[in-house]
Student: 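Shown below is the structure under consideration.
Values reported hereafter were calculated over all heavy atoms of this structure, with side chains retained and with hydrogens, waters and symmetry mates removed.
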Amino acid sequence: MQHFSCETVADVAVPGLATGRLTVLAVHGVADATTGAALAAALAAPGPAQLVVDLTGLYRLEPAGAEALHRFAEESAAEGRPLRVTGCTAQAAAVLARTGAARERDGRTGPELYPTVAEALAAVMSAAAAAPEPPSGPSFVRTDAVGMRHRLLAQTLVARAQGLLMERYGLPGPDAAGALLRTVARRHGMPAVRLAGALARTEAPRPGEPWFPGRGHPAEPAVGFLPPPDGRTLPLSVFLDALRDTGCAIARTHMGDVQLLDPNDNTLWLESHRGFPAEFAHFFAVVDGTGTPCGHAVRKSERVVVDDVARAPDFDEPSRAVALAAHSRSVQCTPIPGPAGRALGVFSTHHAQPGHDFTGAQFAALDRVAREAGAWLDWHRTTTVLDALEDLHGSAQES
């Protein structure tokens, strides 16, 4: 029998969905006549949940496997549960199209195709957030949807990284792969999900060879708000705290935060903050590009200054209410520039009174700090992250 496996990488309750539950499956190997029944069983196993099926790890899809996907999509659509499929190769997409052509002519529903898990989750969460509020229970607002989508994506990335480590290096199971991932990430001062995302996005190394042969190791760029480099790896969290405190010192305030852009789903992560209650940190832990001045600043790659949080159109109403409750009445958001002009994130300072005036010198200082932060973060991405991947490669080969 051909190699085939299907693992559940996320299974959560989601208010607003037809059955209130979402399951994300990752399929690996080959789906053909010998494994089509196993695929059908895997799709049915979660029961009455909405499914997102990631085919990134599928080497080949044959008509029998495509038929299993189409049959399940038709049955689940009749129950208000569209099947969303992601990560199709060109070969898999062509087989799905050929297999589904006759079904579509008969008016039968096939799977919805998305390039990435992030885009499929965005569609799921948008549908959940737009659903009518049930007679009992709180509404599922956009921020809930964004936060849950982000958590699901993080789980999916880690599970995909575990699968890649098992397949490439023969690690005995997901526990061993996950432990290695966390250990290496900790050695290089980064969250495991960041290393997992880098592993999933980077082309696999050739067997028996270094992962990045001949790459240079550029010197760490000078950053005015940090002590001189001493040869040790500076944890990302320490750097971001220093950036936050420097922004607050320039703006003469005790309230500030730093958010980084996640390239997997274009959300902003709240990475460092001070001067805010727990409710603020929880609400703004993950935001998208709408409804907040920080999101607008990143999307436009230019600073946004809000004179009065209570009146500014930059906030949607839930975000405005949380900001006001935290005594934020005016705010400036300065994007952190990255390569090709795309922002890597944003740092913001807040004041307790509306109409705070900044001087030209303060804005110039904030811009200088943003440029230094952007250069360091890009160096971190192209140096520290690649060092971590090489370490992961070597450690996995020795396991």
Side-chain angles (χ1 to χ4, degrees), residues 1-128 130-131 148-149 152-153 155-157 159-160 163:
M1 178 180 287
Q2 297 276 15
H3 166 70
F4 173 84
S5 66
C6 181
E7 60 179 318
T8 300
V9 298
D11 182 38
V12 294
V14 181
L17 294 184
T19 61
R21 192 150 207 90
L22 171 67
T23 301
V24 182
L25 303 177
V27 177
H28 301 272
V30 175
D32 60 6
T34 62
T35 60
L39 174 58
L43 295 172
Q50 285 208 13
L51 291 188
V52 171
V53 180
D54 182 21
L55 302 185
T56 303
L58 196 68
Y59 305 143
R60 189 172 73 253
L61 179 67
E62 297 295 336
E67 279 289 348
L69 289 167
H70 277 288
R71 281 196 303 272
F72 185 86
E74 182 180 350
E75 294 166 1
S76 61
E79 301 169 354
R81 301 184 295 124
L83 173 63
R84 295 175 171 92
V85 173
T86 74
C88 285
T89 62
Q91 182 271 336
V95 172
L96 278 171
R98 287 197 301 270
T99 308
R103 290 175 171 270
E104 290 178 5
R105 286 195 295 270
D106 295 338
R108 291 182 284 180
T109 303
E112 298 178 8
L113 302 186
Y114 295 84
T116 65
V117 171
E119 288 169 278
L121 292 177
V124 173
M125 296 306 171
S126 295
M148 185 171 287
R149 183 183 96 202
L152 282 168
L153 180 61
Q155 292 176 20
T156 302
L157 284 173
R160 183 182 296 172

Student: Quick one: list whatever passes side-chain contact (heavy atoms from CB on, under 4.5 Å) with A92, sequence neighbours left out.
Tutor: L61, C88, T89
Student: Considering residues at least two apart in sequence or located in another chain, which fulfil the salt bridge (Lys or Arg N to Asp or Glu O under 4.0 Å) criterion with E7?
Tutor: none
Student: Taking the side chain as every heavy atom from C-beta outward, state whether T86 and V53 have any pair of such atoms under 4.5 Å apart.
Tutor: no
Student: Measuring from atom CG of L39 to atom CD of E67, what distance do you get when rounded to the nearest 0.5 angstrom?
Tutor: 11.5 Å
Student: Report the residues that fulfil side-chain contact (heavy atoms from CB on, under 4.5 Å) with E112, sequence neighbours left out, ordered by chain and then residue number.
Tutor: P82, R84, Y114
Student: For residues R21 and Q50, determine if any side-chain heavy atom of one lies less than 4.5 Å from a side-chain heavy atom of the other.
Tutor: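 Counting from C-beta outward, R21 and Q50 never come under 4.5 Å.
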Student: Sequence neighbours left out, what passes side-chain hydrogen bond (donor to acceptor under 3.5 Å, both in side chains) with T23? Give chain and number order.
Tutor: D11
Student: Quick one: does L121's side chain get under 4.5 Å of V24's, heavy atoms only?
Tutor: yes
Student: Between the main-chain N or O of D32 and the side-chain N or O of T35, is there a donor-acceptor pair closer than 3.5 Å?
Tutor: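 It does hold such a pair.
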Student: By salt bridge (Lys or Arg N to Asp or Glu O under 4.0 Å), which residues pair with E79, not counting sequence neighbours?
Tutor: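 For E79 the salt bridge (Lys or Arg N to Asp or Glu O under 4.0 Å) partners, ignoring immediate neighbours, are R81.
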Student: What pair of heavy atoms forms the shortest contact from A68 to G36, and how long is it?
Tutor: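 In this case the closest contact between A68 and G36 is CB-O, 4.0 Å.
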Student: If you look at every heavy atom in G110 and A73, which pair is closest and at what distance?
Tutor: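 So the minimum-distance heavy-atom pair works out to C-CB, 3.5 Å.
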Student: Indicate yes or no: at least one non-hydrogen side-chain atom of L58 is less than 4.5 angstrom from one of T56.
Tutor: no
Student: So which atom in L43 and which in L51 form the shortest heavy-atom distance, rounded to 0.1 Å?
Tutor: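 For L43 versus L51, the nearest heavy atoms are O-CD1, 3.4 Å.
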Student: Tell me, please, which residues at least two apart from T116 pass side-chain hydrogen bond (donor to acceptor under 3.5 Å, both in side chains).
Tutor: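 T116: side-chain hydrogen bond (donor to acceptor under 3.5 Å, both in side chains) contacts with E119.
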Student: Do F4 and V27 come within less than 4.5 Å of each other through their side chains, counting heavy atoms only?
Tutor: yes
Student: Show the nearest heavy-atom pair for residues L96 and P111, with the distance to one decimal.
Tutor: CD2-CG, 4.4 Å
Student: Got L25 and V52 here, is their nearest side-chain heavy-atom distance under 4.5 Å?
Tutor: no
Student: For the atom pair OG (S76) and CG (L83), what is the distance rounded to the nearest 0.5 Å?
Tutor: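 Atom-to-atom, S76:OG and L83:CG are 5.5 Å apart.
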